[in-house]
Amino acid sequence: MGKVVVDGFLAGMAWMTVHLIWLGEPGPFLHTWIWVLAALTIGLAHRSSLQHYRMVSMKDAAQLALATLFLVLISLALRLAEPFLHVHSSTPKIAFGAALLTGILWATFRFSCRELSEVVHRHQSATSAEVGPVHRTLIIGAGRAGALVTQEIQRHPNLGYEAVGLVDDSPAKRNVRIQGVPVLGSTAQLTNLIQEQRITHAILAIPSAPGPVIRKLTKTLQDSQIQIKTVPGVYALLGAQTWKPVIQDVSIEDILRRDSVQLDHSALTQALSGAVLVITGAGGSIGSELARQVAAFTPKHIVLLGRGENSLWEVQRSLANLYPHQSISMELVDIRNRTGLREVFERYRPDVVLHAAAHKHVPFLETHPIEAVQNNIFGTLNVVEAALDFGAGAFVNISTDKAVNPTNVLGASKRIAELVVLDAARKAGDYRRFVSVRFGNVLGSRGSVVPIFRDQIKKGGPITVTHPEMTRYFMTIPEASQLVIQAGMLGNTARVYLLDMGEAVRIVDLARDMARLSGFAPGKDIEIQFVGLRPGEKLHEELCLEKERISTRVHPKLFEVAPQGLTPEALEEALRALQAAIQLPYEQRQPEIVKLLQTYVPTYKPSLLGVGRFGGHVKDRRRQPHLLPPGAPCRRRH
């Protein structure tokens with residue numbers, strides 16, 4: 001009510017002021033009241049009196065401009081109706097001036113309230129918190145992110161940053177000011193600007209920049225001994241979340257940042273909205289991220305299926321916070337439990353199945369190949385058969401680059417799992433979609449090298465790298481999950497999809513970058529040790545053979561791999577033989593499994609460090625093997 005009174009008072013002041021200027025007198029009281037009522041009616045119609053004055057934005061300013069335009073139209077209407085209403089000839093002119101002045105006064109009052117609020121807020125922040133040394137800070141990026149970061153720094157002096165200037169490579173932003181802070185130059189001038197302006201800190205405010213750009217800027221700043229912060233990249237966003245300028249330390253995910261994924265949201269919304277989904281392995285890194293990604297498309301129900309109760313509980317809590325209205329169920333079921341699995345599928349009748357459950361630890365499966373067969377092959381078979389029998393329209397199997405020319409049990413087992421899914425596509429027909437999606441290492445996933453390196457750096461080293469020439473492909477968890485959904489929902493059935501993993505990264509370079517980001521000089525402050533390849537490991541992973549890759553219109557970052565499966569009879573024979581092999585006595589089981597994997601996955605060449613070396617003749621499979629020294633020759637495929 002108070003805002004309405006203030007707006008009415010300002011409108012009355014505008015009318016009397018214009019009347020006084022035009023005719024030399026304040027004017028009739030009745031005319032003033034008529035103008036006030038007209039102005040308030042239009043203001044309320046445009047909700048201008050409901051604005052939060054301390055947080056008024058450009059959108060609110062647009063509403064004020066629209067209300068002012070309607071007031072101007074009233075003056076024009078008076079001008080046209082002057083002969084019929086018998087009003088004074090000066091009234092339309094006074095109304096026109098009053099309309100403009102009313103809009104100006106309303107806008108001035110609102111933005112003055114906002115500015116006063118920010119001044120008070122800055123003063124309270126500066127006096128209520130203990131502010132340490134103020135860091136002279138350079139903001140790299142003068143776009144929207146840079147402007148928001150500058151604004152945050154100015155609003156919160158207790159952060160301890162002073163925005164000295166911005167840097168941007170756009171010529172249009174040279175010699176301009178953003179939030180009152182000057183754009184000092186381009187990134188090519190960084191070293192000179194740091195010296196001239198006595199910079200101590202820098203904030204990378206370019207959330208859409210690719211990894212190579214971030215890597216180059218980080219190196220330049222580190223060489224100048226500048227403390228670096230950044231803001232989250234747009235690739236990390238989920239669903240319809242908006243980007244926020246959260247200032248944080250530069251992470252290895254920023255250094256390896258890739259272009260953000262552009263999804264076909266309209267098609268995915270149509271495919272997922274109102275659908276029932278089952279996600280196996282939902283407590284894992286990929287499964288939990290898949291759950292968060294699909295929840296953004298408002299499915300009817302999400303079933304989180306897994307065998308780890310604590311991890312499932314954590315995912316459920318995360319989804320409840322992000323999407324409080326999403327219907328979710330947890331099912332504590334092992335995919336090897338065929339009966340329990342089928343009960344879940346019968347109860348929910350899912351439309352979409354995202355199969356992420358699998359054993360993925362290479363050395364572990366080299367010493368326990370039976371687990372790979374039972375979980376990765378027969379567990380997948382159980383999920384596929386349940387999806388077929390209970391009417392799932394789409395099935396997406398998460399595979400791995402290790403399935404290409406495998407040297408380990410993990411890769412061979414996942415290759416057979418791909419064959420199982422291809423066979424299911426044949427049984428399902430053209431109106432249902434059964435596909436596999438194959439990709440490499442995922443940054444931050446359980447068992448990946450990044451968390452291991454972080455722990456080693458936290459302890460002061462050494463950082464252990466298997467081999468100086470080892471390379472791997474890396475993706476972020478959100479990017480991998482988004483492309484999995486795109487391929488599974490919009491791709492063709494009976495296909496293996498390959499994610500564009502970009503360039504392979506040397507693991508030793510990754511270790512050095514992480515050490516530098518933590519403030520250590522590799523080889524000086526922290527040691528990097530080469531410990532040799534582990535059982536089943538390759539030096540270089542492959543995503544597919546060149547002759548298998550074909551173009552696809554599903555997504556620029558997705559390729560179709562022409563499936564080269566077994567005949568239905570051969571696959572059935574392979575599954576029967578593997579089922580018999582896992583029933584064998586301990587001494588016979590392991591070599592038989594390896595022999596069968598070689599038979600049905602002809603490209604499988606068992607590593608001499610893993611089951612290929614020990615076979616079934618070593619009694620203590622859990623004994624630490626002799627690792628291959630870094631300088632020794634090893635198998636490398638191209």
Side-chain angles (χ1 to χ4, degrees), residues 234-243 260-283 286-306 312 315-331 344-356 383-384 386-398 421 425 428-437 477-493 495 497 499 552-558:
V234 294
Y235 65 86
L237 296 185
L238 301 177
Q241 284 182 300
T242 55
W243 182 88
S260 58
V261 176
Q262 302 297 324
L263 297 182
D264 187 345
H265 283 275
S266 59
L268 288 176
T269 299
Q270 185 176 359
L272 293 172
S273 180
V276 176
L277 291 94
V278 166
I279 302 175
T280 71
I286 295 296
S288 59
E289 182 64 22
L290 284 171
R292 284 186 282 269
Q293 294 285 352
V294 297
F297 297 99
T298 62
K300 179 180 178 181
H301 192 73
I302 299 176
V303 181
L304 305 174
L305 189 149
L312 283 180
V315 176
Q316 185 191 40
R317 287 188 63 207
S318 172
L319 284 178
N321 289 330
L322 286 171
Y323 305 98
H325 302 297
Q326 176 62 54
S327 175
I328 303 169
S329 294
M330 288 198 309
E331 293 292 341
V344 171
F345 274 69
E346 185 176 15
R347 185 180 313 128
Y348 294 103
R349 302 274 175 170
D351 303 295
V352 178
V353 179
L354 303 178
H355 177 47
V383 181
V384 163
L388 283 172
D389 293 346
F390 294 103
F395 182 99
V396 186
N397 171 49
I398 309 300
V421 175
D430 294 336
Y431 297 102
R432 299 163 75 183
R433 188 181 296 109
F434 281 70
V435 302
S436 293
V437 182
I477 295 176
E479 181 182 12
S481 301
Q482 289 167 2
L483 291 174
V484 164
I485 295 168
Q486 183 89 17
M489 296 300 99
L490 304 181
N492 297 315
T493 190
R495 295 290 188 272
Y497 283 94
L499 305 191
T552 176
R553 296 182 180 178
V554 175
H555 194 278
K557 288 192 174 186
L558 286 170

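Predicted model, so just to flag it, every value in this text is computed and none were measured. In this chain, residues are counted from 1 in sequence order.
Contact of the Val384 side chain with the Phe395 side chain is registered, since non-hydrogen atoms from C-beta on lie closer than 4.5 Å. Annotation: side chain of Ile302 is not in contact with side chain of Tyr348 (no heavy-atom distance under 4.5 Å). Put simply, the side chain of Val484 does not reach to within 4.5 Å of the side chain of Tyr497, judged on heavy atoms.
Residues Ala356 and Thr280 approach most closely at N-OG1, 3.0 Å, considering heavy atoms. Across every non-hydrogen atom of Ser288 and Val315, the tightest pair is CB-CG2, 3.4 Å. Shortest non-hydrogen contact noted between Leu305 and Leu312 is C-CD2, 4.2 Å. Minimum interatomic distance between Gly429 and Thr493 (heavy atoms only, all atoms of both residues): O-CG2, 4.4 Å. Across every non-hydrogen atom of Ala271 and Met489, the tightest pair is CB-CB, 4.3 Å. Across all non-hydrogen atoms, the minimal contact from Val353 to Ala392 is CG2-CB, 4.0 Å.
If you take CG on Asn321 and CZ on Arg292, they are separated by 11.0 Å, rounding to the nearest 0.5 Å. The distance from the CZ atom of Arg349 to the CG atom of Asp389 is 9.5 Å, given to the nearest 0.5 Å. Between the CG atom of Leu277 and the CZ atom of Phe297 there is a distance of 11.0 Å, given to the nearest 0.5 Å. One finds the CG atom of Leu319 at 7.5 Å from the CD atom of Gln326 (value rounded to the nearest 0.5 Å). Here Leu354 contributes atom CG and Ile398 contributes atom CD1; the two are 6.5 Å apart, rounded to the nearest 0.5 Å. For the atom pair Ile286 CD1 and His355 NE2, the distance stands at 13.5 Å (nearest 0.5 Å).
For the side-chain contact (heavy atoms from CB on, under 4.5 Å) with Phe434, the qualifying choice from Val396, Leu388, Asn397 is Leu388, the only one to do so.
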Where do Ile328 and Leu304 land on the side-chain contact (heavy atoms from CB on, under 4.5 Å) test, with the steps shown first? CA-CA 7 Å; Ile328 303 169; Leu304 305 174; 3.7 Å; yes
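With hydrogens and angles left out, the side-chain atoms of Gln486 and Gln482 include no donor and acceptor closer than 3.5 Å.
Residues passing the side-chain contact (heavy atoms from CB on, under 4.5 Å) test with Ser327, sequence neighbours excluded: His301.
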